[in-house]
Amino acid sequence: MATIASKIQEVSGRIARACDAAGRPVASVTLLAVSKTQGPDAVRAAVAAGQRAFGENYVQEALDKMAALADLRPQLQWHLVGPLQSNKTRAVAEAFDWVHSVDRLKLAQRLSEQRPAALPPLQVCLQVNISGEASKSGVAPGEVEALARSMAALPRLKLRGLMAIPEPIDGSEAQRRPHHALRELLECLNSRGLALDTLSMGMTADLEAAVLEGATIVRIGTAIFGARARVA
Ligand SMILES: *Cc1c(COP(=O)(O)O)cnc(C)c1O
């Protein structure tokens, strides 16, 4: 069985080849290891292999894991990539470095109010429903600019960019379309006065397509930790 270290190396190779193909420096893409459903030992193994940024989906699971890994806290960056409920914002504002899944002003306002003064501003992305699926979270592209402007004005948040979870689809051309659309949206916002530097897009199945379209953070779970047990 491949070790977590060797799988991180494999994923880093995929990122490097995609950057090469896109004419981008390898350092322009950050690998976020999505450790949801994985125990603290798997995270420790990834840290031993040099990984520093971890993504989590479920707030309580993440808090338990952070407690078990408290000795490593200064080295690590914790990113919330899963859906956020308003009754969890305080815990998130206190414990995480990044939140990728902000899709309502109310959530953003609470995160800003609840971010402890002793910590740097919470780094956030605005989640966009780029494939237009009714079931997915994220704001419709037409509503992104208004929300982004409101979020950018909140004192204890730093709006970094956009995040999307496109509908799973086969074929690199088809995979590139939603990533391309997210990139265009970011460029449009920047041309209209915002200063965003982050595109959080690309998972195990579509990492290459995302990097070709400008992803700056790829969120990878399966290719690093293996298949997850199904969560009911
Ligand atoms: C689970 C998850 C990932 C990682 O997906 P893989 O296909 O396992 O790489 C990335 N982003 C989000 C939001 C997720 O929930």
Side-chain angles (χ1 to χ4, degrees), residues 1-2 4-15 17-18 29-39 42-43 45-46 49 51-63 65 77-85 88 92 96-104 107 111 122-133 135-139 160-172 174-176 178-179 182-183 198-232:
M1 212 182 85
I4 285 174
S6 70
K7 288 193 272 187
I8 288 175
Q9 213 164 30
E10 251 171 63
V11 170
S12 302
R14 284 176 65 184
I15 293 170
R17 286 189 294 279
V29 179
T30 297
L31 170 57
L32 181 63
V34 178
S35 46
K36 65 181 177 213
T37 79
Q38 306 295 328
V43 174
Q51 181 63 31
R52 292 294 177 265
F54 293 89
E56 291 285 336
N57 278 57
Y58 312 105
V59 174
Q60 191 53 52
E61 178 196 327
L63 297 176
K65 215 173 293 182
Q77 251 189 17
W78 290 102
H79 296 232
L80 182 70
V81 299
L84 175 56
Q85 286 143 10
K88 298 278 174 62
V92 169
F96 282 84
D97 302 292
W98 282 70
V99 178
H100 294 229
S101 46
V102 180
D103 62 359
R104 273 171 292 150
L107 286 177
L111 289 170
L122 186 63
Q123 310 294 299
V124 296
C125 291
L126 193 169
Q127 184 174 350
V128 182
N129 183 355
I130 203 72
S131 305
E133 295 158 279
S135 61
K136 282 270 167 66
S137 32
V139 298
R160 296 293 298 272
L162 305 178
M163 179 272 221
I165 312 173
E167 185 177 25
I169 188 167
D170 286 333
S172 60
Q175 286 178 351
R176 285 178 69 163
H179 299 309
L182 196 70
R183 200 252 302 257
T198 299
L199 278 171
S200 168
M201 58 188 196
M203 315 193 340
T204 292
D206 61 359
L207 181 168
E208 285 81 5
V211 170
L212 285 171
E213 293 296 345
T216 64
I217 300 181
V218 292
R219 310 180 308 264
I220 308 296
T222 307
I224 294 175
F225 297 109
R228 287 178 290 274
R230 283 275 286 280
V231 188

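Atoms within each ligand, like the ligands themselves, are counted from 1 in listed order.
- In summary, the atoms of ligand 1 found under 4.0 Å from a heavy atom of Ile165, numbered by their order in the structure, are 13 (C).
- For atom 2 (C) of ligand 1, the candidate residues are Lys36, Arg219, Arg228; the nearest heavy-atom contact is made by Lys36.
- A donor and an acceptor atom, one from each side chain of Arg52 and Gln77, are nowhere located under 3.5 Å apart.
- At least one N or O atom of Gly221, backbone or side chain, sits closer than 3.5 Å to an N or O atom of ligand 1.
- Checked by atom type, the side-chain pair Asp97/His79 shows no donor-acceptor distance below 3.5 Å.
- Close approach to Ile220 involves these atoms of ligand 1, each under 4.0 Å from a residue heavy atom: 9 (O).
- Using a 4.0 Å cut-off between a side-chain N of Lys or Arg and a carboxylate O of Asp or Glu, Arg14 and Glu10 do not qualify as a salt bridge.
- Among Thr204, Leu31, Leu32, the single residue meeting the side-chain contact (heavy atoms from CB on, under 4.5 Å) criterion with Ile224 is Leu31.
- Near Val81, meaning under 4.0 Å from one of its heavy atoms, ligand 1 places the atoms 12 (C), 13 (C).
- Applying the 4.0 Å criterion to heavy atoms of Asn57 picks out, from ligand 1, the atoms 14 (C), 15 (O).
- Two residues are said to be in side-chain contact when any heavy atoms from C-beta on lie closer than 4.5 Å; Ser131 and Pro166 meet this criterion.
- The closest protein non-hydrogen atom to atom 10 (C) of ligand 1 is Met203 SD, 3.4 Å.
- Atom 9 (O) of ligand 1 has as its closest protein heavy atom Thr204 OG1, 2.5 Å.
- The pair Glu213-Arg176 meets the salt-bridge criterion, with a side-chain N (NZ, NE, NH1 or NH2) lying under 4.0 Å from an Asp/Glu carboxylate O.
- For atom 8 (O) of ligand 1, the closest heavy atom belonging to the protein is Thr222 OG1, 2.5 Å.
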For Arg160 and Val124, run side-chain contact (heavy atoms from CB on, under 4.5 Å): C-alpha distance rounded to whole Å, both residues' side-chain angles, the deciding distance at 0.1 Å, then the answer. CA-CA 6 Å; Arg160 296 293 298 272; Val124 296; over 6 Å; no
